[in-house]
Amino acid sequence: DAKTTQPTSMDCAEGRAANLPCNHSTISGNEYVYWYRQIHSQGPQYIIHGLKNNETNEMASLIITEDRKSSTLILPHATLRDTAVYYCIVRVVPGGGADGLTFGKGTHLIIQP
Amino acid sequence: DTGVSQDPRHKITKRGQNVTFRCDPISEHNRLYWYRQTLGQGPEFLTYFQNEAQLEKSRLLSDRFSAERPKGSFSTLEIQRTEQGDSAMYLCASKLAGLETQYFGPGTRLLVL
């Protein structure tokens, strides 16, 4: 799986959009970008994934650059409950993949009241 | 609550003792994963099962570690002759093969004194 680079930490004001960047410059054509988050003392939680088109669900939006070397996770209206470590993961084949997930250190997002 | 439960939630043991953790996945999920997470790091994949078959083991899974899923439902992870370096959070996740989202349990936090 390709390596990802994320900032160690970020702050965001409550109610504002939180934009979390991820660099994956060595991504291959068949690798997808996934985002998980881990709230303190809980297990990781799936957020969203995509290949090359932008994706949106009830939790977040994922914007992937045209060259696919970087992406941004957007939480449109951050709340205090969004304070967590956010992991960007690159891997091959959604669904059919047998391997476990490869997590980096992630970005610690702190939502300020 | 994701529907994945782990027991116990916390375990303190002395070096050299054996410990066993249990994971109960979401009932219809045929894949079950074990991860280990140390302080300040993302989770690291250890092993996974499809039904009762253990299909992959990470090199992190030393000979002192053994995992089972005897009837394709719950799983156990045993650590023999614990060492202080085994202190970590042990996470379990499950999913349906063919679908992407892994659902994580709350983890078992192990402290080896």
Side-chain angles (χ1 to χ4, degrees), chain A residues 1-9 20 22 24 30-51 53 55 57-60 62 73 81 84-110, chain B residues 1-6 9-10 21 23-26 29-51 53-61 67 75 77 88-109:
Chain A
D1 295 337
K3 181 180 172 62
T4 62
T5 304
Q6 298 178 253
T8 303
S9 65
L20 292 95
C22 179
H24 31 79
N30 61 346
E31 288 183 312
Y32 288 68
V33 180
Y34 295 81
W35 284 83
Y36 276 73
R37 74 178 182 184
Q38 187 172 22
I39 296 170
H40 184 61
S41 295
Q42 297 183 20
Q45 175 191 23
Y46 167 83
I47 302 173
I48 199 168
H49 75 278
L51 180 62
N53 297 320
E55 302 287 345
N57 64 19
E58 65 279 4
M59 289 183 69
L62 174 61
L73 178 75
R81 287 177 292 182
V85 178
Y86 287 76
Y87 298 99
C88 171
I89 299 167
V90 170
R91 64 178 301 213
V92 176
V93 187
D99 296 340
L101 298 170
T102 302
F103 292 84
K105 293 188 177 182
T107 296
H108 187 194
L109 175 66
I110 300 170
Chain B
D1 184 358
T2 63
V4 179
S5 61
Q6 294 187 244
R9 294 291 310 277
H10 303 274
F21 311 139
C23 171
D24 286 90
I26 294 171
H29 285 185
N30 51 1
R31 288 197 179 168
L32 186 149
Y33 299 78
W34 284 100
Y35 293 82
R36 179 177 71 186
Q37 184 174 25
T38 54
L39 203 60
Q41 305 295 317
E44 298 170 294
F45 168 74
L46 292 178
T47 188
Y48 94 96
F49 292 83
Q50 175 144 323
N51 301 313
Q54 188 173 15
L55 296 188
E56 186 176 351
K57 292 194 285 188
S58 161
R59 57 179 173 77
L60 294 174
L61 207 67
S75 175
L77 177 68
M89 173 80 84
Y90 290 85
L91 292 159
C92 173
S94 71
K95 73 168 193 171
L96 274 172
L99 298 182
E100 183 49 37
T101 305
Q102 291 189 25
Y103 294 86
F104 283 81
T108 294
R109 187 171 295 280

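Reminder, nothing fancy here: chain letters follow the sequence lines and each chain counts from 1.
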Do A/Leu101 and B/Tyr33 touch side chain to side chain, with heavy atoms closer than 4.5 Å? no
Hey, are the side chains of A/Tyr87 and B/Pro43 touching, using non-hydrogen atoms and a 4.5 Å cut-off? yes
Chain B interface, residue from A/Gly43, A/Pro44, A/Gly104, A/Ser41 that has the most non-hydrogen pairs under 4.5 Å: A/Pro44
Find the one option among B/Arg109, B/Met89, B/Glu44, B/Gln37 whose heavy-atom pairs under 4.5 Å with chain A are most numerous. B/Gln37
Roughly how far, to the nearest 0.5 Å, is [atom2] of [Y] from [atom1] of [X]?
X        : Y        : atom1 : atom2 : value
B/Thr101 : A/Ile48  : OG1   : CD1   : 11.0 Å
B/Leu91  : A/Gln42  : CG    : CD    : 11.0 Å
A/Phe103 : B/Phe45  : CZ    : CZ    : 11.5 Å
A/Tyr36  : B/Gln102 : OH    : CD    : 5.0 Å

Using non-hydrogen atoms and a 4.5 Å limit, figure out which bit of B/Arg9 sits close to chain A: side chain, backbone, both or neither. side chain
For B/Gln6, which atoms come within 4.5 Å of any heavy atom of chain A: side chain, backbone, both, or neither? neither
Heavy atoms of other groups near B/Tyr103 OH, more than 12 under 6.0 Å: no
